[in-house]
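None of these values were measured; they are calculated from a predicted model.
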Amino acid sequence: MVTQQRGGLSTAFRVAIVVNALAVLAQAVTAGQLLSGAGTAAHGMGAGVVHVAGLLLAVTGVLAWRPGGGAGWPALAGLAVLLLGFGQSMTGGSGATAVHVPLGVSIFGLSVWLLVWSFSPRVSRI
């Protein structure tokens, strides 16, 4: 039963990181469209999707850690993605592109790193 619960929570975390990485990738695409004057509405709406995906990632990380008995650092990384996403929205809304762009690249890098790690053959459980 415990092994089955761990497997299910690991799968939930993997699904959450896939959703998060896709949402962050979509934000990068719409950010590129902003350079040509298009994509403003999509980029703004995508921010909400990234927040929900970050929350899903943080929650599944905590569940895989506490009841699931897995490592705690993926939960912290999920929380970091969520909080960095809020900071990203604040800097984007204020027009602080000097912070907004590097922060977006950091979120993208962290999300891709978590995605690759979560599907690594060395990861038996999260």
How far apart are the closest heavy atoms of Ala75 and Trp65, and which atoms are they?
-> CB-CE3, 4.2 Å
Of the non-hydrogen atoms in Ser111 and Asn20, which two are nearest, and what is the gap between them?
-> OG-OD1, 2.7 Å
Write down the atom of Val19, the atom of Ala53, and the distance for their closest heavy-atom approach.
-> CG1-CB, 4.0 Å
What is the minimum heavy-atom distance between Leu82 and His51, and which atoms define it?
-> CD1-O, 3.6 Å
If two hydrophobic side chains count as joined below 4.5 Å and joins carry through other members, does Leu25 share a cluster with Ile107?
-> yes
How close do Ala16 and Leu56 get, heavy atom to heavy atom, and via which atoms?
-> CB-CG, 3.8 Å
Should Phe86 and Val59 be regarded as members of a common hydrophobic cluster, given that ILVMFWY residues are connected when their side-chain heavy atoms come within less than 4.5 Å of each other, either directly or indirectly?
-> yes
What's the spacing between Thr30 OG1 and His43 NE2 if we round to 0.5 Å?
-> 5.0 Å
Can you see which heavy atom on Val62 is nearest to which on Pro67, and at what distance?
-> O-CD, 3.8 Å
So how far is it from Leu110 CG to Leu115 CG, rounded to the nearest 0.5 Å?
-> 11.0 Å
Taking a hydrophobic cluster as the set of Ile, Leu, Val, Met, Phe, Trp and Tyr residues connected by side-chain heavy atoms closer than 4.5 Å, whether directly or through intermediates, do Trp117 and Val18 fall within one such cluster?
-> yes
From Leu22 CG over to Ile17 CD1, what is the distance, rounded to the nearest 0.5 angstrom?
-> 9.5 Å
In terms of hydrophobic clustering (I, L, V, M, F, W, Y; side-chain heavy atoms under 4.5 Å; direct or indirect links), are Phe108 and Val49 co-clustered?
-> no
Check whether any side-chain heavy atom of Val24 lies under 4.5 Å from a side-chain heavy atom of Val81, and answer yes or no.
-> no
Please answer: with hydrophobic residues joined when any side-chain heavy atoms are less than 4.5 Å apart, are Leu63 and Leu76 in the same cluster?
-> no
Mind checking whether Gln88 and Leu84 have side chains closer than 4.5 Å, heavy atoms only?
-> no
Value rounded to 0.5 Å, distance of CG in Leu9 from OG1 in Thr60 = 8.5 Å
